[in-house]
K.L.:
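Pasting a structure below so you can have a look.
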There are 2 protein chains.
Amino acid sequence: MGTTQLESVAEPKYWHLRTVLTEALDSEFAVGEILPNERDLAARFGVARATLRQALEQLELEGRLQRRRGVGTTVAPPRVGVAVGTEHHAWPGSAEDAWQPVDSVLAVPPAAVAEVLGTGPDEAVHTVRRSRTSQGQPVAAELLHIPRSSVPDLSAIDAPSGAARARAVLREVQRLELEGRENSVELGSARADDAKELDRLPGAPVLVVTTRFLSGGRVAALSVATYRADTCRLTFGASGGVEIHHGPQQRAS
Amino acid sequence: MGTTQLESVAEPKYWHLRTVLTEALDSEFAVGEILPNERDLAARFGVARATLRQALEQLELEGRLQRRRGVGTTVAPPRVGVAVGTEHHAWPGSAEDAWQPVDSVLAVPPAAVAEVLGTGPDEAVHTVRRSRTSQGQPVAAELLHIPRSSVPDLSAIDAPSGAARARAVLREVQRLELEGRENSVELGSARADDAKELDRLPGAPVLVVTTRFLSGGRVAALSVATYRADTCRLTFGASGGVEIHHGPQQRAS
DNA sequence: GAGTGGTCTAGACCACGTG
DNA sequence: ACGTGGTCTAGACCACTCA
């Protein structure tokens, strides 16, 4: 024996709580059901509220719970699958699924964006704001950066801003030949403006999808889209030519 | 005046702290540098340690900081780009980049996995464990589930387990014709075993990449890979036929 | 053993949604 | 007005790393 190892080697309370609650959610609760409030739950499990909250936080991160201030904690539905890089094999705005243009302005992008686009550090680019909903809920907010050189014919445009201008910019960009796209996904936290659009608090976890649109051997546009990490599962199309049907979203409980 | 609105409408302290620290990291700290300890930092900013920790947690989530118990908090390097769905346009184990087979056992998978594979609820499948490192650091742990029906000729195998057996299974699966793959990405938290392999604490945020391998009109294998969310940026190949060279990973600071 | 981050407590007050 | 989750405090102790 020597090191007699107890089964749990001092598992943190919040982690054990998470496990217990997960099992309870699987077996005893229906989607949408309201849980007891945090103070009651904490008392029931004999822990401080902060500890209970740590467990709930985990479960919300995993998409099992949804918490809303002033309302309560409810059991979340399974994550919704959101297609990325498939719905528009072409330029943004083409077949026009998913994304809703909000507005467009001419602005100097962050340094990181400018570097990818190859524009000068003080050079303004078209910045199209779009939003995406799924099943009535907002799931993503996007900033689409397009250098002026990508849309040279966009000079005499009537709308100074707003959705009309956004659509005009998207219309112009479609005239370019799209050679390819590159996606990357990373974890981030929602900034204040994104958070508001996604109906979350600042700092909420988001999946940041960065897409480079390639045309003429260079990056003709750059999209930075932030998806709600708690409610979304991003799906990427098959890399082969075969498209597969696999029924509605399901998840074994 | 009526509702005289101050500029910050009561921004939470931890969020403001996060902003201040972000700027400090951008301008005054080098990668790898050690920050003052949490108690000192909290005192310096005039907040409780818990509040300071909330800000640090955010920054760690965003990949800006790295915290290690007993050691300290250091400035993290930029996230490393990790190719997904490109390094093996073929079956796992083919060109053999990235993934290291660890072992393989015959076990009954979780219900959710069984459902996708179309196997019975008590049917055992080959479960290959693999790990992936990048720049000397572990970045991902994978469980590759392969129904016995996908590798029918794998009966008289010598190795009962271990890396040798894992390689044998991967060798067999390559004989199938790969028709396509489907990836999905979602946020999760590391379970105890994954956490240990990734050198993180249980509950650490991870990006869960689920890949369906399609052959013969059905799912011939299912991979569930968990990537460290703090250190990884997942990259997906261009969906067009064009492959683009874009130099080594870079990010504007 | 000294110093670090990780966990936990028992309170308090605030912001928000709903009746 | 009330009940909810969100923020914040000032402590305590634990687990880990390293000299």
Side-chain angles (χ1 to χ4, degrees), chain A residues 3 5-6 8-19 21 33-61 65-76 189-190 192 195-196 199-205 230, chain B residues 3 5-6 8-19 21 33-61 65-76 189-190 192 195-196 199-205 230:
Chain A
T3 59
Q5 188 145 328
L6 241 53
S8 59
V9 281
E11 190 179 46
K13 278 188 185 177
Y14 79 92
W15 186 253
H16 181 247
L17 254 182
R18 186 207 80 109
T19 307
L21 287 171
E33 198 167 339
I34 305 179
L35 266 62
N37 72 55
E38 296 182 349
R39 290 162 179 86
D40 286 354
L41 274 180
R44 182 177 311 185
F45 287 108
V47 299
R49 191 180 155 217
T51 305
L52 186 270
R53 277 181 60 80
Q54 217 174 336
L56 294 184
E57 215 160 278
Q58 285 278 342
L59 290 168
E60 191 177 31
L61 199 84
L65 292 180
Q66 191 154 358
R67 297 192 286 176
R68 269 172 306 172
R69 167 152 54 177
V71 179
T73 302
T74 58
V75 181
S189 50
K196 206 162 86 176
D199 192 25
R200 300 255 59 197
L201 292 162
D230 54 345
Chain B
T3 59
Q5 190 146 326
L6 240 54
S8 58
V9 280
E11 189 179 47
K13 278 188 185 177
Y14 78 92
W15 186 254
H16 181 246
L17 254 182
R18 186 206 80 109
T19 307
L21 286 171
E33 197 166 341
I34 304 179
L35 266 62
N37 73 54
E38 296 183 348
R39 291 163 179 84
D40 286 354
L41 273 180
R44 180 178 313 185
F45 287 107
V47 299
R49 191 181 155 214
T51 304
L52 185 270
R53 277 182 60 81
Q54 215 174 337
L56 294 185
E57 213 160 280
Q58 286 278 342
L59 290 168
E60 191 178 30
L61 199 84
L65 292 180
Q66 192 154 357
R67 299 192 285 176
R68 270 174 305 172
R69 168 152 53 177
V71 179
T73 302
T74 57
V75 180
S189 50
K196 206 161 87 175
D199 192 24
R200 299 256 61 197
L201 292 164
D230 55 344

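Model, not experiment: these values are computed from the prediction.
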K.L.:
Within this structure, what is the CD-to-C1' distance between A/Q54 and D/dG6, rounded to whole angstrom?
P.N.:
15 Å

K.L.:
When rounded to the nearest 0.5 angstrom, what is the spacing between CG in B/L201 and CZ in B/R68?
P.N.:
12.0 Å

K.L.:
Rounded to the nearest Å, what distance is computed from the NZ atom of residue B/K196 to the C1' atom of nucleotide D/dC16?
P.N.:
15 Å

K.L.:
Take atom CD of B/E60 and atom P of C/dG5, then tell me their distance rounded to the nearest Å.
P.N.:
11 Å

K.L.:
Nearest heavy-atom pair of A/R67 and A/R200: which atoms, and what distance?
P.N.:
O-NH2, 3.6 Å

K.L.:
So does B/N37 have more than 12 non-hydrogen atoms from other groups sitting under 6.0 Å from CG?
P.N.:
yes

K.L.:
Taking atom CG of B/L65 and atom CG of B/L59, what is their separation to the nearest 0.5 Å?
P.N.:
5.0 Å

K.L.:
B/A76: what forms a side-chain contact (heavy atoms from CB on, under 4.5 Å) with it, not counting sequence neighbours?
P.N.:
B/Q66

K.L.:
Side-chain polar contacts of residues 42-55 of chain B - donor-acceptor pairs under 3.5 angstrom, sequence neighbours left out - could you list them?
P.N.:
unit_1, atom_1, unit_2, atom_2, d
B/R49, NE, B/E38, OE1, 3.0
B/R49, NH2, B/E38, OE1, 3.1
B/R53, NH1, B/E38, OE1, 3.2
B/R53, NH1, B/E38, OE2, 3.0

K.L.:
Hey, does the side chain of B/T73 come within less than 4.0 Å of C/dT4's phosphate (OP1/OP2), counting only N and O?
P.N.:
no

K.L.:
Would one find a side-chain N or O of A/R67 under 4.0 angstrom from OP1 or OP2 of D/dG6?
P.N.:
yes

K.L.:
Check this one for me: any side-chain N or O of B/Y14 less than 4.0 Å away from OP1 or OP2 of D/dC8?
P.N.:
no

K.L.:
How long is the line joining CD of B/E57 and C1' of C/dT7, in whole Å?
P.N.:
12 Å

K.L.:
Using the test side-chain contact (heavy atoms from CB on, under 4.5 Å), find all partners of A/Q58 that sit at least two apart in sequence or belong to another chain.
P.N.:
A/Y14, A/W15, A/R18, A/E62, B/S189

K.L.:
Just call it for A/L56: base, sugar-phosphate, or nothing, with non-hydrogen atoms closer than 4.0 Å on any strand.
P.N.:
nothing

K.L.:
Collect all protein-nucleotide pairs involving nucleotides 9-11 of chain D in which both atoms are nitrogen or oxygen and the distance is under 3.5 Å.
P.N.:
unit_1, atom_1, unit_2, atom_2, d
D/dT9, OP1, B/K13, NZ, 3.0
D/dT9, OP2, B/A48, N, 2.9
D/dT9, OP2, B/T51, OG1, 2.4

K.L.:
Rounded to whole angstroms, how far apart are CZ on A/R53 and P on D/dT7?
P.N.:
7 Å

K.L.:
Using whole Å, report how far CG of B/L201 lies from C1' of D/dA15.
P.N.:
10 Å

K.L.:
Between the protein and nucleotides 14-19 of chain C, which nitrogen or oxygen pairs are less than 3.5 angstrom apart?
P.N.:
unit_1, atom_1, unit_2, atom_2, d
C/dA15, O4', A/R69, NH1, 3.3

K.L.:
What is the distance from CG of A/L65 to C1' of D/dG5, rounded to the nearest Å?
P.N.:
13 Å

K.L.:
Distance check: side-chain N/O of B/N37 vs OP1/OP2 of C/dT4, anything under 4.0 Å?
P.N.:
yes

K.L.:
Within this structure, what is the CG-to-C1' distance between B/D199 and D/dT17, rounded to whole angstrom?
P.N.:
13 Å

K.L.:
Check whether more than 12 heavy atoms from other residues, nucleotides or ligands sit under 6.0 Å from atom CG of B/D40, and answer yes or no.
P.N.:
yes

